[in-house]
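Worksheet for the structure shown next.
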Amino acid sequence: MINQLISLSLKNRYIVLLTAAILFGWGFYSINQNPIDAIPDLSENQVIVFTEWQGRSPQIMEDQVTYPLVSNLQGIPKVKSIRATSMFGMSFVYIVFEDKTDIYWARSRVLERLNYAQRLLPEGITPTLGPDGTGVGHILWYTLDAKGIDLGEQRALQDWYVKFGLQTVPGVSEVASFGGFEKQYQISVDPNKLNYYNIPLSQVLRAVKSNNNDVGGRKFEMNGTGYIVRGLGYIKSIQDVENISIGTINTVPVRIKDIAAVQMGGDLRLGIFDENGEGEAVGGIVVMRYGENADKVIHAVKDKMAAMQSGLPPGVKFKIAYDRSDLIERAIGSVKHTLIEEMITVSIIVIIFLFSWRSALSIIIQIPITVATAFILLNAFGISSNIMSLTGIALAIGVIVDNGIVMVENSHRNLSIAQEKERS
């Protein structure tokens, strides 16, 4: 079989050369298309379901939220295992699928089953899916360098401008904000004044909720012209909150400012973000979507940051806290440097031992063709260019030329034997 293959190749050498050229071109194209990352993504193929119910104990979360979700999510096809965690006010359910399952098919099936499980949960509780990222999806951390701007304004800038802009970058799954204060209107009710006016707290809650809303009416016609009647009621300032009427006493309205103090403050925080011991900072974490090219997404995010810089207030700049592209480029560059060194070393050794540049060329030409062909297989199996896969190629370079050396040496030996027989 091997003799026939060799004979066929020798008789059709141009076809062999054309096939090698096609493989090299295809491999070169695959190198440019192959995703680049520093480390391989070995995380499980999973979908996270998050549910929040403020103020409830872990046991209540387990009994009324986690258990109903887990029991109803078990019938999804291709599910390998389901794990769950209940904590104070929060529930996490991890649905692990088989490795070959398409992640977006899995997410759609989980969402389909959640629509049925929704009716088993307490009223007002809505489970949500986690981002379509993985455990190694945190590719970029940044902070806002905004001296002279308070943390509340920085967080508002991050949540309502920067975050929305970066989420439009292709390959970005989520931008998670951290640090600062989430601005909110805070109403500090005086219980003594509530008792004096004989107004229950529930009535205050209903009044605030109903007054923070726009309402629409029907069309009103006057002098042949139609007018749309609507009421504008969204809260826009502290004064709007203070003037909300919650009841009347002897035809005199009782407002929020009569029974409470209203202020603009920050939401309850469970921690702070400090940068290098220089004080608190506000920023975000860019999470890459599943299966994307990390290096390409990072550069796209940086380009978007440069474009958004003109829309930031004067003196506000982006400050990169963690950038995986530096690690990616260093790791890939180190392996590429090693590949080039090994190719040069092997070529020199082959030339020295064979002492024939034509024979050495037939062996050396195998190296770039084989390395390029390896990337075709990497793309076929969905493996990224990382420090593990490229190191495997680097270790295999010495093995790549072994067969060529053996075949060339054997050819030299047979040729010398044949020449000696002719001389004798």
Side-chain angles (χ1 to χ4, degrees), residues 23-48 80 96-104 106 130-142 166 169-176 285-303 320-346 366-400:
L23 286 175
F24 181 75
W26 187 8
F28 186 78
Y29 173 78
S30 299
I31 292 174
N32 295 327
Q33 297 298 317
N34 191 254
I36 301 176
D37 205 342
I39 53 178
D41 188 359
L42 303 178
S43 58
E44 294 178 310
N45 195 4
Q46 69 176 5
V47 178
I48 303 175
K80 186 164 61 175
V96 182
F97 288 82
E98 297 175 0
D99 292 337
K100 295 183 180 180
T101 306
D102 180 72
I103 185 65
Y104 296 104
D132 53 343
T134 64
V136 294
H138 293 195
I139 57 174
L140 185 74
W141 289 43
Y142 66 89
L166 295 182
V169 176
V172 173
S173 172
E174 182 187 27
V175 179
I285 304 171
V286 180
V287 182
M288 181 182 66
R289 186 170 286 117
Y290 179 85
E292 292 289 339
N293 189 330
D295 190 60
K296 183 178 180 181
V297 174
I298 292 173
H299 284 87
V301 170
K302 289 182 178 179
D303 293 340
I320 303 299
Y322 166 72
D323 181 5
R324 195 193 293 177
S325 64
D326 183 58
L327 176 62
I328 293 173
E329 292 171 0
R330 288 176 179 268
I332 303 302
S334 176
V335 177
K336 285 183 178 179
H337 183 70
T338 304
L339 284 172
I340 295 173
E341 286 183 345
E342 287 192 354
M343 291 173 64
I344 295 174
T345 303
V346 170
Q366 299 179 39
I367 299 177
I369 295 175
T370 308
V371 172
T373 306
F375 280 90
I376 300 175
L377 299 176
L378 289 179
N379 281 349
F381 288 97
I383 301 174
S384 64
S385 298
N386 53 70
I387 194 170
M388 298 295 292
S389 59
L390 293 183
T391 301
I393 295 176
L395 294 174
I397 284 183
V399 182
I400 290 173

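Predicted, not measured: the structure shown is a model, and the values here were computed from it.
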Euclidean distance, [Y] [atom2] relative to [X] [atom1], rounded to 0.5 Å:
{"X": "T101", "Y": "K80", "atom1": "OG1", "atom2": "NZ", "answer": "9.0 Å"}
{"X": "I298", "Y": "L140", "atom1": "CD1", "atom2": "CG", "answer": "6.5 Å"}
{"X": "I376", "Y": "F28", "atom1": "CD1", "atom2": "CZ", "answer": "13.0 Å"}
{"X": "S385", "Y": "N293", "atom1": "OG", "atom2": "CG", "answer": "8.5 Å"}
{"X": "I369", "Y": "F24", "atom1": "CD1", "atom2": "CZ", "answer": "7.5 Å"}

Check this for me: [X], atom [atom1], are more than 12 non-hydrogen atoms of other residues, nucleotides or ligands nearer than 6.0 Å?
{"X": "Y322", "atom1": "OH", "result": "yes"}
{"X": "Y29", "atom1": "OH", "result": "no"}
{"X": "K302", "atom1": "NZ", "result": "yes"}

* **salt bridge (charged side-chain N to carboxylate O under 4.0 Å, His left out) partners of E44, counting only residues at least two apart** => R83
* **Between N386 and D37: side-chain donor-acceptor atoms closer than 3.5 Å** => no
Looking only at heavy atoms, what is the nearest atom pair of [X] and [Y], with distance?
{"X": "E174", "Y": "P131", "answer": "OE1-CG, 3.2 Å"}
{"X": "E98", "Y": "N45", "answer": "O-ND2, 3.3 Å"}
{"X": "V47", "Y": "F97", "answer": "CG2-CE1, 3.9 Å"}
{"X": "R289", "Y": "V172", "answer": "NH2-O, 3.0 Å"}
{"X": "I31", "Y": "A372", "answer": "CD1-CA, 4.5 Å"}
{"X": "A300", "Y": "V169", "answer": "CB-CG1, 3.6 Å"}

* Which residues pass the side chain to side chain donor-acceptor pair (under 3.5 Å) test with Q33, sequence neighbours left out? -> none
* Any donor-acceptor pair under 3.5 Å linking the side chain of N379 with the backbone of S30? -> yes
* To do: Check whether any side-chain N or O of S173 sits under 3.5 Å from a backbone N or O of V287 as a donor-acceptor pair, and report yes or no.
  => no
* **Intermediate values then yes/no, side-chain contact (heavy atoms from CB on, under 4.5 Å), E329 and D295** => CA-CA 8 Å; E329 292 171 0; D295 190 60; 4.0 Å; yes
* **Worked verdict on V301 versus Y142 for side-chain contact (heavy atoms from CB on, under 4.5 Å)** => CA-CA 11 Å; V301 170; Y142 66 89; over 6 Å; no
